[in-house]
Amino acid sequence: NRMVEKLEQSAELLQYSERERAWGEMARQITHEIRNPLTPMKLNVQYLLKAYEQKDKNFDEKLKNISQTLINQIEALNEVAGMFSDFSKSSMPKNEKADLLVAIRNSITVFRKSYEVTFKLITPDNGDLWVWASVKSLMRIFNNLTKNAVQAMEGKSDKRIEVEVTPEENFIIVRFSDFGKGIAPENKRSIFQPYFTTKSTGTGLGLAIVKNMMKEMEGTVDFESQTGKGTTFYLKFRRV
């Protein structure tokens, strides 16, 4: 199961006696992964079209930046399609030496213009930021976290996300913070559980997917949250 890679519900899926039910669960997860980047991709294209129609003097640069970002997201979606065809196989995502900063910046580029969110990216002045990871999984991890953060800040005029990257000897820590409504104390134990959600829309799979992808990359994810002040996720990646 390359879609969620030992997601907490993967063990349950394998125990289902009804094959149709297992396919239904997998289809729901894939729907979540496909829908995640589609709206910001659409808004980016609309933003680019508007810049063209208004003869924006920086159009060439915007075309170059947005096109590259869209290509990366399309490749990620293509990977999801491949995962569906590989549902019955036991193949695992290919972890390799991956540039963590590139994945973060690609996700930021997609969401910044689409949702009018202000991002602050804090990185070390020098040093490599290579991690042991699946490149496509990195994209989905940061897409999921960003989408959750945007939803947590609905109704706020000041929408900010702060991402701080801190290298350690054997690991790289990413602190991913929003300044939204936070997570209620009674919900904190459940946020990584599949299908748990406090929103009226969505599948409740995003954070479960993040957690299990981190496990497959030999990393961890944890969080702190204060109601009304926001949430910070701490992602620990194996350094290479």
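- Proximity of Arg238 to Asn170: side-chain heavy atoms (C-beta onward) are nowhere separated by under 4.5 Å.
- Residues Met213 and Ile191 share a single hydrophobic cluster, defined by chaining ILVMFWY side chains whose heavy atoms lie under 4.5 Å apart.
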Could you go step by step and tell me if Thr39 and Lys147 meet the side-chain contact (heavy atoms from CB on, under 4.5 Å) rule? CA-CA 10 Å; Thr39 297; Lys147 186 173 182 179; over 6 Å; no
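- Dense packing is recorded around NZ of Lys188, with more than 12 heavy atoms of other residues, nucleotides or ligands lying under 6.0 Å away.
- Hydrophobic clustering (side-chain heavy atoms under 4.5 Å, transitive across Ile, Leu, Val, Met, Phe, Trp, Tyr) keeps Val135 apart from Met217.
- A donor-acceptor contact shorter than 3.5 Å is absent between the side chain of Lys62 and the backbone of Tyr47.
- Asp158 pairs by the salt bridge (Lys or Arg N to Asp or Glu O under 4.0 Å) definition with Arg160, not counting sequence neighbours.
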Under the salt bridge (Lys or Arg N to Asp or Glu O under 4.0 Å) rule, what do Lys120 and Glu164 come out as? Steps first, then yes or no, please. CA-CA 8 Å; Lys120 182 178 181 181; Glu164 182 176 9; over 6 Å; no
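- Taking 4.0 Å as the cut-off between side-chain N and carboxylate O, Glu154 and Lys181 do not count as a salt-bridged pair.
- No side-chain heavy atom of Val163 sits under 4.5 Å from any side-chain heavy atom of Arg175.
- By the salt bridge (Lys or Arg N to Asp or Glu O under 4.0 Å) test, Glu61 is found to be paired with no residue, residues two or more places apart in sequence or in another chain being considered.
- A donor-acceptor pair is defined here as one N or O able to donate and one able to accept, closer than 3.5 Å; such a pair exists between the side chain of Asn144 and the backbone of Arg140.
- Here Thr227 contributes atom OG1 and Lys229 contributes atom NZ; the two are 10.0 Å apart, rounded to the nearest 0.5 Å.
- Under the 4.5 Å side-chain heavy-atom criterion for grouping Ile, Leu, Val, Met, Phe, Trp and Tyr, Tyr234 is not connected to Leu101 through any hydrophobic cluster.
- Here CG of Asn143 is found 11.0 Å from CG of Asn148. Values are rounded to the nearest 0.5 Å.
- For the pair Ile183 and Ser225, the tightest heavy-atom approach, listed with the atom from each and the gap, is N-OG, 2.7 Å.
- Side chain of Ser177 to backbone of Thr232: no donor-acceptor contact under 3.5 angstrom is found.
- In this structure, Glu96 places its CD atom where more than 12 heavy-atom neighbours from other residues, nucleotides or ligands lie under 6.0 Å away.
- Residues passing the salt bridge (Lys or Arg N to Asp or Glu O under 4.0 Å) test with Asp99: none are found, sequence neighbours excluded.
- Side-chain contact between Leu100 and Val174: present, with at least one pair of heavy atoms (C-beta onward) separated by less than 4.5 Å.
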Passes side-chain contact (heavy atoms from CB on, under 4.5 Å), Val131 versus Arg239? Steps please. CA-CA 4 Å; Val131 296; Arg239 192 172 187 179; 5.5 Å; no
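- Under the salt bridge (Lys or Arg N to Asp or Glu O under 4.0 Å) criterion, Glu224 pairs with no residue at all, not counting sequence neighbours.
- Hydrophobic clustering keeps Met139 apart from Ile161 (ILVMFWY residues linked when any side-chain heavy atoms are closer than 4.5 Å, directly or through intermediates).
- At a threshold of 4.5 Å between non-hydrogen side-chain atoms, the residues Leu235 and Leu145 count as touching.
- Counting only heavy atoms from C-beta outward, the side chains of Ile74 and Met41 approach each other to under 4.5 Å.
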side-chain hydrogen bond (donor to acceptor under 3.5 Å, both in side chains) for Glu216 and Asn212? Distances and angles first, verdict last. CA-CA 6 Å; Glu216 288 301 330; Asn212 285 273; over 6 Å; no
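- Once rounded to the nearest 0.5 Å, the distance linking OG1 of Thr109 with CD1 of Ile104 reads 11.5 Å.
- Of the inter-residue distances, the one linking Thr118 atom OG1 with Phe179 atom CZ reads 11.0 Å to the nearest 0.5 angstrom.
- Cluster annotation: Phe176 and Ile108 are assigned to the same hydrophobic cluster (Ile/Leu/Val/Met/Phe/Trp/Tyr, side-chain heavy-atom contacts under 4.5 Å, transitive).
- With contacts defined as side-chain heavy-atom distances shorter than 4.5 Å, the pair Leu70/Val45 qualifies.
- Between the side chains of Asn106 and Thr69, not a single donor N or O lies within less than 3.5 Å of an accepting N or O.
- Atoms CD and CG, from Gln68 and Asn65 in turn, are 9.0 Å apart once rounded to the nearest 0.5 Å.
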Apply the test side-chain contact (heavy atoms from CB on, under 4.5 Å) to residues Thr123 and Thr166: give CA-CA distance (whole Å), side-chain angles for both, the deciding distance (0.1 Å), then the verdict. CA-CA 7 Å; Thr123 62; Thr166 305; over 6 Å; no
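- Using a 30° and 60° split on the angle between ring planes, Phe223 and Phe192 fall in the perpendicular class, above 60°.
- Within the structure, no pair that satisfies the ring-ring contact (aromatic ring centres under 6.0 Å, His included) test touches residues 118-160, not counting sequence neighbours.
- Through direct or relayed side-chain contacts under 4.5 Å between Ile, Leu, Val, Met, Phe, Trp and Tyr, Phe171 connects to no other residue.
- In Phe59, the CZ atom is crowded: over 12 heavy atoms of neighbouring residues, nucleotides or ligands sit closer than 6.0 Å.
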Worked check of side-chain contact (heavy atoms from CB on, under 4.5 Å) between Glu162 and Ile122: CA-CA 8 Å; Glu162 186 173 286; Ile122 305 170; 4.0 Å; yes
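- The side-chain heavy atoms of Ser107 and Ile141, taken from C-beta on, include no pair separated by under 4.5 Å.
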Ser134 vs Asn95, side-chain hydrogen bond (donor to acceptor under 3.5 Å, both in side chains): CA-CA, chis, key distance, verdict: CA-CA 4 Å; Ser134 160; Asn95 287 335; 5.1 Å; no
